[in-house]
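For reference, the structure discussed in these notes is given below.
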Amino acid sequence: MKGTKALVTMLDKKGVDTMFGYPGGSVIPIYDELYDSSIRHILVRHEQCAAHMADGYARASGRPGVCLATSGPGATNLITGVATAYADSVPMLALTGQVGTGSLGLGAFQEVDAYSLLMPITKHNFRVLDSNRLPHAITEAWDICQMGRPGPVHIDLPVDQMKSEVDVSYMDEEYGVKPIPEDLSGIDQAIRWIREAKKPVILVGGGAINACREVRELADLLRAPVDVTLMGMGIIPSSYDLNMGPLGMHGRMASKIAMNEADLVISIGSRFSDRTWSVKSRMQDTEGRIIHIDVDATEFGKHKYRNCVNLQGDSRRAVRMLVEGLKGYVPNKTWTDRGLELRRRCTCNLDLNANPILPQKVMFELNKIIKDDTIVTTDVGQNQMWAMHHLNFEHPRQLLSSGTFGTMGFGLPAAIGAKAAKPESDVVAITGDGGFQMVMQEVATSLAEDLPVTIVLLNNGVLGMVRQWQKLFWNERYSATTLDATPDFVKMAEAFGAKGILVEKPGEIGDALKEAMDCGRTCLVEIRVDVNEDILPMLPADPNAAAVQGRCPF
């Protein structure tokens with residue numbers, strides 16, 4: 001069987017139904033094979049967005065996303081999207097074309113060492129220098145990208161090997177990927193610490209996404225405050241009475257205070273990143289204990305001066321063992337009541353009818369239309385933090401956002417990828433005028449591929465998050481953060497064939513969002529928001545700087 005046929009056949013057998021990519025010379029043979037394949041290929045307008053769409057597809061569905069780019073600039077354009085997926089533990093296959101093996105290292109047209117370039121931002125790399133190694137690469141890559149801590153795997157495909165023959169006997173061979181070892185030996189000590197704790201807090205991160213039921217059982221058993229990370233949104237429903245909301249630099253004060261007062265943190269699938277576990281969000285008691293559950297042992301040890309039990313393994317199994325070992329546990333009613341009070345005090349009125357429009361009002365109106373199966377993606381910056389802070393999600397995989405890598409331009413292509421994975425769901429992309437202009441060409445992709453999404457564009461005319469830092473910590477020296485000569489976004493959307501709606505008054509937001517969701521095609525809702533409104537509270541990176549709380553009732 002020809003290499004291209006073997007590639008497409010094996011992907012089909014793995015259940016791949018969608019691929020995002022952009023053709024070029026070294027991958028023409030693969031595209032010729034896709035022509036007769038049942039795999040849907042979505043033609044993007046930029047390779048970075050192919051990776052973001054594969055990322056959105058994977059986050060929405062839980063299945064690996066697949067992207068394909070040609071050699072040279074096609075491969076280098078993938079890098080930002082692959083790095084985004086790697087930082088947020090998203091399963092992905094990144095396929096790149098390559099010049100023929102005889103030309104490697106000779107500076108051939110569109111040659112680049114993609115193998116080395118993608119190595120630091122992938123779980124594993126393959127370069128197929130022998131066509132008979134192709135089945136091994138695909139099979140192992142498929143397993144590796146999903147096992148343990150998920151992440152992207154890269155396969156570099158020299159064009160001559162893709163046109164060579166593959167011995168079909170290799171296609172059904174079992175290739176031994178060793179399972180990730182677990183170490184749950186500290187479970188008894190963890191159970192003992194929970195029983196001894198007076199003020200436990202549960203911290204839920206993205207690594208708990210497949211353990212929603214178990215996490216909820218533990219929360220119901222302990223009746224303790226639950227803090228969440230950006231990646232953990234929806235794992236515990238927003239409506240849960242002890243959900244304190246997101247923790248971190250732009251998290252809710254209720255979440256921060258609960259963490260500061262805790263004497264035990266039970267972390268489930270959280271990496272204790274600097275944006276979550278800052279100096280100002282740590283427990284006050286230096287003797288406070290931590291139970292850290294994570295599949296990746298390299299994430300342990302970030303919390304200095306704390307007594308810690310590390311449980312390496314699947315979060316579902318580890319939390320189940322905790323629940324079983326805590327039978328007969330009696331919650332501390334005083335601490336439960338404290339959590340309920342914190343949540344009550346941190347329930348803000350978002351129905352603000354100020355003009356210029358405040359972003360809180362946009363989130364208030366969005367909450368009215370978000371259903372159980374609605375998927376919301378965000379870009380990066382103030383728009384992302386408004387969504388994290390104020391939108392309500394009852395299920396995992398409803399909020400898709402670039403966390404650790406903080407990639408501007410993520411929102412729109414991720415929404416298109418999510419729509420490809422979940423065509424029956426409404427998909428909303430929340431973005432700012434800065435991030436949107438990085439990827440607005442993908443409006444054409446959504447229309448050409450009949451993947452309608454609603455784009456909520458918060459337009460304040462500036463790079464809002466950087467400007468906020470300049471305002472609060474750099475004496476209002478606004479250097480290179482004003483976006484001059486921006487286009488008429490509504491006309492731009494209409495030029496692509498999408499629908500465009502401009503909103504300039506708070507009373508127009510609800511009707512505009514409903515019209516956009518009901519119109520049956522991609523629609524951009526441009527909302528002119530107040531340039532002076534900051535996303536608060538804000539914990540500065542500098543531990544010596546004061547936190548900024550804004551209108552917070554605390």
Side-chain angles (χ1 to χ4, degrees), residues 45 49 52 56 355-366 369-370 374-388 390-391 399-402 407-416 418-419 426-447 451-467 481-506 508-517 519 521-531 533 535:
R45 296 329 189 241
C49 295
H52 287 326
N355 208 347
I357 295 170
L358 297 178
Q360 298 96 315
K361 173 66 172 179
V362 180
M363 301 305 131
F364 175 80
E365 296 296 341
L366 278 169
I369 64 173
I370 292 176
T374 301
I375 298 171
V376 176
T377 70
T378 79
D379 223 286
V380 166
Q382 287 179 317
N383 64 87
Q384 177 188 40
M385 295 297 102
W386 290 118
M388 179 191 79
H390 293 303
L391 292 185
L399 176 64
L400 315 182
S401 191
S402 171
T407 308
M408 288 182 68
F410 177 83
L412 174 58
I416 296 170
K419 187 66 175 181
D426 291 328
V427 180
V428 179
I430 300 173
T431 185
D433 44 327
F436 181 66
Q437 289 183 80
M438 292 184 172
V439 296
M440 60 188 182
Q441 73 279 353
E442 300 304 329
V443 172
T445 303
S446 71
L447 293 162
L451 296 170
V453 298
T454 298
I455 304 165
V456 178
L457 174 60
L458 304 182
N459 184 1
N460 60 6
V462 299
L463 300 176
M465 185 58 81
V466 182
R467 186 181 189 275
T481 48
T482 299
L483 293 168
D484 294 320
T486 54
D488 183 322
F489 291 110
V490 169
K491 288 182 179 178
M492 182 279 301
E494 293 171 346
F496 279 116
K499 185 178 181 63
I501 303 173
L502 176 63
V503 174
E504 297 182 288
K505 297 178 181 179
E508 300 170 351
I509 300 172
D511 289 341
L513 292 175
K514 186 177 187 307
E515 181 180 352
M517 299 282 277
C519 77
R521 69 183 194 272
T522 291
C523 180
L524 182 144
V525 181
E526 178 189 354
I527 304 175
R528 302 278 175 84
V529 296
D530 189 350
V531 67
E533 185 69 6
I535 172 64

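All figures in this text were calculated on a predicted structure; none of them were measured in a lab. Worth knowing before you read on, the calculation uses all heavy atoms, side chains too, and leaves out hydrogens, waters and symmetry mates.
- For Val462 against Arg467, the heavy-atom pair with the smallest separation is CG2-CD, 3.6 Å.
- With Leu391 as the fixed residue, the side chain to side chain contact (heavy atoms under 4.5 Å, CB included) test singles out one of Val362, Thr374, Ile430, Thr378: Ile430.
- With hydrogens and angles left out, the side-chain atoms of Glu533 and Gln360 include a donor and acceptor closer than 3.5 Å.
- Between Met517 and Val428, the closest heavy-atom pair is SD-CG2, 3.8 Å.
- Nearest heavy atoms, Lys361 versus Pro506: CE-O, 3.7 Å.
- Applying the side chain to side chain donor-acceptor pair (under 3.5 Å) definition to pairs two or more places apart or across chains, those involving residues 430-442 are Asp379-Thr431, Glu442-Thr445.
- For Leu463, the side-chain contact (heavy atoms from CB on, under 4.5 Å) test picks out Met408, Thr481, Leu483, with sequence neighbours left out.
- Contact detail for Gly411 and Thr377: the closest heavy-atom pair is O-OG1, 2.8 Å.
- Here CG of Asn383 is found 8.5 Å from CE of Met465. Values are rounded to the nearest 0.5 Å.
- Residues Leu447 and Phe496 approach most closely at CD1-O, 3.2 Å, considering heavy atoms.
- At least one donor-acceptor pair closer than 3.5 Å links the side chain of Thr522 to the backbone N or O of Val453.
- Rounded to the nearest 0.5 angstrom, Met492 CE and Phe436 CZ are separated by 3.5 Å.
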Pair Val529-Gln382, side chain to side chain contact (heavy atoms under 4.5 Å, CB included): steps then yes or no: CA-CA 11 Å; Val529 296; Gln382 287 179 317; over 6 Å; no
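- For Ala418 against Ile375, the heavy-atom pair with the smallest separation is CB-CG2, 4.1 Å.
- Within the structure, salt bridge (charged side-chain N to carboxylate O under 4.0 Å, His left out) contacts touching residues 489-505 (residues at least two apart or in different chains) are Lys499-Glu515, Glu504-Arg528.
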